[in-house]
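Here the structure is laid out as structure tokens; the discussion comes afterwards.
Chain identifiers are assigned alphabetically (A, B, ...) following the order of the sequence lines, protein sequences preceding nucleic acid strands; residue numbering begins at 1 within each chain. Worth saying up front: this structure is predicted, and the values here are computed from it rather than measured.
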Protein chains: 2
Amino acid sequence: MSTVDEVQQAVMERMLRGELAPGTWLRQDDLAAQLGVSKIPVREALHRLAASDLLRFENNRGVVVPMLTAEDAAETYGLRLAIEPELLRRAVPKLTIVHLAEAEMALAASDVQGASVPEANWAFHAALYGAAGWRRGMAMVQSLHAAVAPYVALYTQDLGGAATSDEEHQRILQACRDGDAERACSLLEVHLREAAAALDHVFTEDTDAGTR
Amino acid sequence: MSTVDEVQQAVMERMLRGELAPGTWLRQDDLAAQLGVSKIPVREALHRLAASDLLRFENNRGVVVPMLTAEDAAETYGLRLAIEPELLRRAVPKLTIVHLAEAEMALAASDVQGASVPEANWAFHAALYGAAGWRRGMAMVQSLHAAVAPYVALYTQDLGGAATSDEEHQRILQACRDGDAERACSLLEVHLREAAAALDHVFTEDTDAGTR
DNA sequence: GATTCCATAATCGTATACAATCGCGAAATG
DNA sequence: CATTTCGCGATTGTATACGATTATGGAATC
């Protein structure tokens with residue numbers, strides 16, 4: 001694995017955890033020093049992430065985690081709704097016990113105190129979708145998850161409730177175990193629509209969420 | 001516009017035209033010399049394209065245009081079928097005469113001798129989808145178009161027939177003019193399925209298409 | 001004559017170095 | 001006292017340079 005890949009993975013992990021607040025400036029020298037490499041592979045990795053709008057290079061100012069508007073969030077979930085059911089539909093017939101075990105582990109991990117909800121959420125979905133064998137689609141969906149991760153982290157903390165989300169995950173998983181792709185997709189669509197609505201609250205509620 | 005953006009755009013144009021045959025090695029010094037810059041912004045631009053698998057960095061060997069398998073092509077069209085109708089559905093109500101004119105121009109451009117069919121194809125679809133205002137989705141679809149462009153160029157040359165494709169485009173455009181999103185989406189889905197089938201021939205036909 | 005091995009050339013990947021740009025704060029001015 | 005302007009510090013963006021790896025061609029050997 002190349003140096004660039006390692007940097008990319010390191011930053012992507014932080015994004016999926018929702019640790020990089022929108023508006024944060026990433027200083028390249030710091031990142032380079034942290035990872036023990038020079039600036040060049042760092043920049044190359046950041047460009048890779050910027051390709052899917054997870055970061056933004058501003059002219060002579062550096063790299064910033066872009067703030068999402070309500071419309072951006074809606075687009076993200078619109079795309080998730082377009083892609084993820086298709087992935088799941090293709091995945092269900094190919095699911096093995098390994099994939100299902102991975103998904104269960106991800107659900108268990110999200111219950112642990114101090115765990116990252118968005119990261120576990122991605123791990124769950126990724127475990128299932130992985131069976132489809134669509135690398136390009138996986139990368140797209142991963143970037144969508146990463147894009148909204150900080151906001152998901154917000155609303156899952158505010159409400160006590162990844163509870164309903166967790167329950168929906170369980171039902172999706174059960175449909176997958178049953179090999180019922182259509183039911184799994186329907187449940188997934190509902191799941192995504194609810195998540196989209198919940199996220200929309202973060203943007204439209206009067207109380208400023210501190211991210212504008 | 002930064003240096004990296006210019007390089008990225010230059011290479012992306014060549015990809016959308018289908019000029020970069022799969023298996024081609026891109027030499028960084030050459031690109032840098034052609035564009036009058038150094039290697040570093042070139043590499044950064046190539047990393048951006050590599051992020052969506054349009055290029056691949058192989059360790060200490062350089063950057064190559066990856067060859068697609070039949071499965072890769074199927075995935076690409078599967079994703080197009082998932083995303084593009086959604087884009088179009090959101091776009092139709094927002095279409096202005098400007099978008100429609102752009103789409104017509106793209107169709108006209110594809111008839112010109114020596115024109116790039118995949119590029120004109122992208123221009124047509126992009127003109128319509130643009131009205132949706134989904135930047136992320138647009139980037140995704142653009143990368144999907146670029147990924148299959150060399151293969152589309154192949155089968156549109158072999159058959160005399162971008163003819164049927166052109167006719168389908170016309171009908172989609174008419175549905176858009178009529179503001180009939182559902183009809184436009186249905187036509188688009190048929191259009192994509194036919195394109196996918198035509199492309200599949202390139203891979204499965206006995207006569208080696210010279211790209212393996 | 002085919003194959004293996006080695007040396008050379010070419011290309012890549014990364015570090016170091018430097019010029020350009022931007023932001024911030026202090027000083028000067030109205 | 002508010003506002004504008006100038007200059008310094010910090011950070012970026014790009015070029016140059018160098019070590020490392022890979023491909024290639026010819027000679028030696030079986």
A/Gln28 side-chain N/O to A/Val42 backbone N/O, donor-acceptor pair under 3.5 Å
no

For this session: Select base, sugar-phosphate, or nothing to describe what B/Val63 touches, counting heavy atoms under 4.0 Å on all strands.
Result: nothing

Of D/dA23, C/dT14, D/dT14, the nucleotide closest to the side chain of B/Val4 is D/dT14

Below 4.0 Å: OP1/OP2 of C/dT14 and any side-chain N or O of A/Thr3
yes

The nucleotide from C/dT14, D/dT12, D/dT22 with an atom nearest the side chain of A/Gln28 is D/dT12

| query | Contact class for B/Leu46 vs. all strands (heavy atom < 4.0 Å): base, sugar-phosphate, or nothing? | reply | nothing

Of the candidates C/dT14, C/dA15, C/dA17, the side chain of A/Lys39 sits closest to C/dA17

Out of D/dT22, D/dT12, D/dT14, minimum distance to the side chain of A/Asp29 belongs to D/dT12

Could you check whether A/Arg27 gets within reach of a base, just the sugar-phosphate, or nothing at all, counting any heavy atom under 4.0 Å? sugar-phosphate

Out of C/dA15, C/dG23, D/dG13, minimum distance to the side chain of A/Val37 belongs to C/dA15

For this session: Please state whether the phosphate of C/dG23, meaning OP1 or OP2, lies under 4.0 angstrom from any side-chain nitrogen or oxygen of A/Arg61.
Result: yes

A/Ser2 near the nucleic acid: base, sugar-phosphate alone, or nothing, with a heavy-atom cut-off under 4.0 Å?
nothing

